[in-house]
Amino acid sequence: MDPLNSYAIVSYVAGPVARFAERLRQEMDPGCPHRAHITILPPRPLLCSPSEAVEFARHLVAQFDPFDVQLAAVEQFPKTQVIYLALTAGSLELTAMHDVLNTGPLGQQEANVYVPHITLGQQLPPGTFERSLEASQRRWAAFGSPPRLRIDAATFVQQQANGIWYDLAELSLGHVPAVG
């Protein structure tokens, strides 16, 4: 995929959960520039201009009311060797948002089944996956009771050639934009 034509929609995570996730990512992948987030629409090329895609997404996201997400355990996607925080509450809403957004100019066949999550580690050096998974599970167990996370906005992002994702537009849930 062309990194200059790679776009996604995410919801950033804040507070203690963000600090936990970002600290773990830095330990597993020093220099990782990614902020803690839940991907709503995975990276893809656009079939229209970025401004058209943003407006298309803005109207769809606005139809969803804000909702809470509750985190569960540290899990893994064995096929891709991704370590992540699984969700309990909020998964159905995020999946519905994904399905609605994955239409029209943003629609495409996903490479993997959509599973809402917060990535903790991916593309790890050979031989470190199991150790990183076990350490993440231990530290999450010591984290204590995670707070509920409020999802009231999403962000339309673009990946640049240097691998860094830039925010293009914030999309508010529950605020249908006026027409005209």
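Throughout, residue positions are numbered sequentially from 1 according to the sequence presented. Here the structure is a predicted model, which means the values were calculated and not measured.
- The closest side-chain heavy-atom distance from L71 to V17 is below 4.5 Å.
- Side-chain polar atoms of E52 and S49 form a donor-acceptor pair below 3.5 angstrom.
- Atoms CD and CD, from Q122 and Q81 in turn, are 11.5 Å apart once rounded to the nearest 0.5 Å.
- Using a 4.5 Å cut-off on side-chain heavy atoms (C-beta onward), R58 and S172 make no contact.
- In terms of the side chain to side chain donor-acceptor pair (under 3.5 Å) criterion, E22 has no residue partners (sequence neighbours excluded).
- In summary, the side chains of Q158 and Y7 do present a donor paired with an acceptor at a separation below 3.5 Å, with no hydrogens or angles considered.
- Taken together through direct or relayed side-chain contacts under 4.5 Å among Ile, Leu, Val, Met, Phe, Trp and Tyr, M97 and L60 form part of one hydrophobic cluster.
- Two residues are said to be in side-chain contact when any heavy atoms from C-beta on lie closer than 4.5 Å; V69 and R148 fail this criterion.
- Between atom CG of residue L120 and atom CG of residue L133 there is a gap of 9.5 Å, rounded to the nearest 0.5 Å.
- The two residues G104 and F56 make their nearest non-hydrogen contact at CA-CZ, 4.1 Å.
- L87 is not listed as a side-chain neighbour of L149, based on a closest heavy-atom distance of 4.5 Å or more.
- The distance from the CD1 atom of I118 to the CG atom of L85 is 5.5 Å, given to the nearest 0.5 Å.
- Taken to the nearest 0.5 Å, the NE2 atom of H117 stands 11.0 Å off from the CG atom of L94.
- Contact of the H34 side chain with the R25 side chain is registered, since non-hydrogen atoms from C-beta on lie closer than 4.5 Å.
- Checking Y84 against E75 by side-chain atom types alone, a donor-acceptor pair falls below 3.5 Å.
- Side-chain atoms of N102 and Y114 form no donor-acceptor pair, as typed in the model, at a separation below 3.5 Å.
- Taking both residues in full, the closest heavy atoms of F129 and V82 are given as CE1-N, 4.0 Å, listed atom of the first, atom of the second, then distance.
- Between the CG atom of D152 and the CG atom of D68 there is a distance of 9.5 Å, given to the nearest 0.5 Å.
- R35 is listed as a side-chain neighbour of D167, based on a closest heavy-atom distance under 4.5 Å.
- Nearest heavy atom pair, residue L173 against residue F67, reads CD2-CE2, 3.7 Å.
- The line from CD of E55 to CZ of F156 is 10.0 Å long, rounded to the nearest 0.5 Å.
- Taking the side chain as every heavy atom from C-beta outward, I83 and M28 approach each other to under 4.5 Å.
- At distances below 3.5 Å, at least one donor-acceptor pair connects side-chain atoms of T88 with backbone N or O atoms of Q70.
- Nearest heavy atoms, A36 versus A18: CB-CA, 3.8 Å.
- Between V115 and T95, every side-chain heavy-atom pair lies at or beyond the 4.5 Å cut-off.
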